[in-house]
Every structure is written in structure tokens, then in C-alpha cells.
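What follows is a single structure, written as C-alpha cells, with notes after it.
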Amino acid sequence: MIDLRSDTVTRPNDAMRKAMAEAEVGDDVYGEDPTVNRLESLASEMMGTESAIFVSSGTQSNLLALMSHCRRGDEYIVGQDAHTYKYEGGGAAVLGSIQPQPLDVEGDGTIDLKKAEEVIKPDDYHFAQTKLFCLENTKSGRVLPMNYLFAAKEFADRANLGFHLDGARIFNAAVKLGIDVKEISSLFDSVSVCLSKGLGAPVGSVLCGSKDLIGQARRWRKVLGGGMRQAGILAAGAIYALQNNVERLSDDHYHAARLREALLDIDEIKVEPGSADTNMVFISLPAHSPQELAKFLQQKGILIYPGKSMRLVTHLDISGSDITDFVEALKSFFPVG
Ligand SMILES: *Cc1c(COP(=O)(O)O)cnc(C)c1O
């Protein structure tokens with residue numbers, strides 16, 4: 001199968017599975033799982049933070065961050081289509097009693113800082129208290145410009161807001177810019193990183209931040225039922241991912257760029273702007289049915305999500321020849337002439 005639906009579909013290879021099978025474990029709720037402890041140290045070292053916590057998913061990681069920055073009745077500023085607002089089941093409101101203040105996201109994935117400043121509530125009990133500013137990097141496969149991040153940090157500091165990054169794909173951003181990931185992570189008070197996407201671990205995310213903040217997150221993780229016991233088996237896969245699968249993200253970016261180039265040559269396909277900045281290409285089909293295309297491709301062993309705008313994602317389990325095969329299959333869908 002050539003699965004272009006998401007980078008979450010990556011599967012552990014033999015070496016990762018071996019590391020998982022051989023992991024030393026203990027009860028992590030007691031802080032006694034040596035492999036989880038090793039992962040948390042490695043993650044905080046890589047991110048340049050005091051502390052880190054291994055959690056079940058990116059959704060849980062973001063929720064823990066929101067609940068650690070904000071109390072009941074507080075508010076966070078977030079992108080209208082940000083994962084932490086739109087794609088997490090309303091968890092901040094449901095479980096944290098935290099009110100979102102969503103704002104439109106600009107074409108380049110940023111949130112206009114002037115607009116953000118305008119929605120900060122005055123200190124008056126008619127209003128929720130604005131406590132946190134959240135960004136996402138990469139956003140829909142786009143790397144946020146470093147200059148923007150510097151300005152956003154300055155804004156958050158000046159406005160006395162906490163500053164959280166949903167860095168599910170922060171390593172894609174760092175690899176694309178050719179910088180140490182710390183240069184991005186150090187600007188934020190907390191950073192959530194997915195290990196189960198392009199990095200290829202089967203399960204888990206890490207939330208990184210100060211000792212204090214991660215201490216709070218550890219308490220909320222237990223409350224949310226996320227205290228895991230011999231989780232070292234999972235952490236071993238995550239350590240393997242951080243040690244072996246970061247630099248190679250550039251292969252995924254290269255494959256996405258090649259894919260974009262090839263698709264630009266197919267008249268029936270519209271390649272959307274912002275494609276292939278990292279590992280995602282967005283296309284639409286002005287005159288054909290996406291559902292028909294998806295069905296046609298599936299018969300050839302290729303998986304895509306049909307839709308008005310279709311996201312094609314390159315990852316660890318997509319090779320150069322998969323890209324070639326996909327483009328050939330795609331061309332054969334359109335009538336000749
Ligand atoms: C995937 C993703 C998450 C959540 O991760 P899960 O592990 O699927 O819960 C959060 N933010 C962004 C930007 C993501 O792409």
C-alpha cells in the first residue's frame with residue numbers, strides 16, 4: 001500500500017520493534033520506568049527545556065498544556081482552524097472549562113499579532129481572563145517564519161500571556177530551516193511534539209516546558225486517566241525515533257517537492273499554494289470527482305482522503321519510487337486527449 005493520507009500511518013521497523021521488545025520497564029506512575037525517564041530527559045535536552053512528560057497523544061499533550069497554563073474561566077487565543085481548537089473535541093472547554101478565543105489564520109500559518117492584541121480582554125469581571133497564546137508549527141505543512149516567532153514571543157511577553165506551541169511537526173520545521181530545534185522551542189513556555197507522525201514511533205507525544213509547568217501537567221495527566229504503567233515499551237520506540245528519524249525528515253520534504261513538481265504538469269490537477277514547504281502537498285480537482293479518484297487509486301493500492309482540498313502527505317514509509325508510481329496511477333485516471 002502507498003498511503004498518502006497522513007504521516008500518522010508510519011509503522012515501526014524491525015530495529016524500533018527490537019528496541020521496544022528489549023526496553024527496561026518499571027511503574028511510570030511511581031516515576032520508576034527507566035526508559036520513560038530516559039525519553040523525558042532526552043526530549044527536554046533536545047528542546048532545551050527543564051522538563052518533559054511522555055503522554056499518550058498530541059491531543060492529550062495540548063490539553064495538558066492548556067490546563068496547566070489556564071484555570072477555569074481563563075481564555076486562550078488560538079487559530080480558527082488550529083488543532084488545539086478545532087480538532088481536539090473541544091477538550092479545553094469540556095475538560096478544562098477554558099474558553100477559546102479563535103482568530104483567523106493567515107495564509108502563511110501565522111496569526112496576526114495586532115488582531116491577537118485586540119482580543120485580549122481588559123481586567124474586568126465581565127470577561128474571561130486572557131492567559132495564553134497558542135501557535136502551531138508547522139501549520140498545514142508550512143513553516144512559520146522565525147521573524148514572526150520572535151515578534152510573537154515579544155507580544156506574548158509584553159501582554160503577559162503564556163506562550164504554547166503545538167509543535168506536532170516542529171522537527172519538520174527545524175529540519176526545513178536547517179536549524180537546531182531549540183531555536184524554535186526556546187521561544188515558547190511549552191511545546192508539544194508528536195512522536196507518532198513523521199518520526200515513526202507507534203504511540204505518543206512529549207510535552208516540554210519548565211519544571212513547574214510539567215509538574216502541573218503530570219498532575220492533570222493522572223486526572224485525565226493518562227498515567228501509564230510500564231510505558232517504557234512505548235518510550236523505547238519514541239527514543240529510537242528521536243535518535244534515528246529526525247534528520248531523514250528532509251527525505252520526506254524532498255519527496256513532497258518532487259511530487260509537487262510532477263503534479264504541476266498534470267492539467268486536471270490544481271496544486272494549491274503553500275504545497276511542499278515540508279511534507280504536505282495540497283491539490284484539488286476542478287473538473288473531476290475526488291471520490292472517484294480515491295476509489296480508482298485504492299484499486300491500485302494507493303490511499304488518499306478524497307475531498308475538496310486533498311492533502312497528500314509524505315513520510316517514513318513513502319519512497320521515491322512510491323512517488324513515481326503514484327504520479328503514474330494518477331495520470332492514468334484522466335482520459336487521454
Ligand atoms: C496530529 C496533530 C495533533 C494531535 O496528535 P494526536 O496524537 O493525533 O492526538 C496535534 N496538533 C497537530 C498540528 C497535529 O497535526
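Note: hydrogens, waters and symmetry copies are ignored here, and every other heavy atom, side chains too, is used. Ligands are counted one by one from 1 in listed order, and the atoms in each one are counted from 1 as well.
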Looking just at side-chain N and O atoms, do Thr84 and Glu136 make a donor-acceptor pair shorter than 3.5 Å?
-> no
Are more than 12 heavy atoms from other residues, nucleotides or ligands located less than 6.0 Å from atom NZ of Lys211?
-> no
Quick one: does Lys197 get an N or O within less than 3.5 Å of an N or O on ligand 1?
-> yes
Among residues two or more places apart or on two chains, list those pairs meeting side-chain hydrogen bond (donor to acceptor under 3.5 Å, both in side chains) that have a residue in residues 40-51.
-> Glu40-Arg218
Sub-4.0 Å heavy-atom contact, Lys139 with ligand 1 = no
Verify salt bridge (charged side-chain N to carboxylate O under 4.0 Å, His left out) between Arg221 and Asp28, making sure each step is shown before the conclusion.
-> CA-CA 12 Å; Arg221 185 185 68 172; Asp28 180 50; 3.5 Å; yes
Should you measure from each heavy atom of Glu88, which atoms of ligand 1 turn up under 4.0 Å away?
-> 10 (C)
Ligand 1 versus Thr8, non-hydrogen atoms closer than 4.0 Å: side chain, backbone, both, neither?
-> neither
May I ask you to decide whether Asp104 forms a salt bridge with Lys115, counting only side-chain N to carboxylate O separations under 4.0 Å?
-> no
Which residue supplies the protein heavy atom nearest to atom 6 (P) of ligand 1, what is that atom called, and how far is it?
-> Gly58 N, 3.4 Å
Going by the order shown, which atoms of ligand 1 are within less than 4.0 Å of some heavy atom of Thr59?
-> 4 (C), 5 (O), 6 (P), 9 (O)
The atoms of ligand 1 lying under 4.0 Å from a heavy atom of Cys194, numbered in the order shown, are 5 (O)
With sequence neighbours left out, write down each residue that passes side-chain hydrogen bond (donor to acceptor under 3.5 Å, both in side chains) with Asp108, or none if nothing qualifies.
-> Thr110
Tell me which protein heavy atom sits closest to atom 4 (C) of ligand 1, plus the residue, atom name and distance to 0.1 Å.
-> His83 CE1, 3.4 Å
If you have a sec, work out which protein heavy atom is nearest atom 13 (C) of ligand 1 and how many Å separate them, to one decimal?
-> Glu136 OE2, 3.2 Å
Identity and distance of the protein heavy atom lying nearest atom 11 (N) of ligand 1 = Asp166 OD2, 2.6 Å
Take Tyr76 and His69 through the ring pair (Phe, Tyr, Trp, His ring centres under 6.0 Å) test and state the conclusion after the steps.
-> CA-CA 9 Å; Tyr76 68 115; His69 282 285; over 10 Å; no
Subset of ligand 1 atoms that lie under 4.0 Å from at least one heavy atom of Ser57 | 7 (O), 9 (O)
Could you list the atoms of ligand 1 found under 4.0 angstrom from a heavy atom of Arg169?
-> 15 (O)
Backbone N/O of Glu183 and side chain of Asp180: donor-acceptor pair under 3.5 Å | no
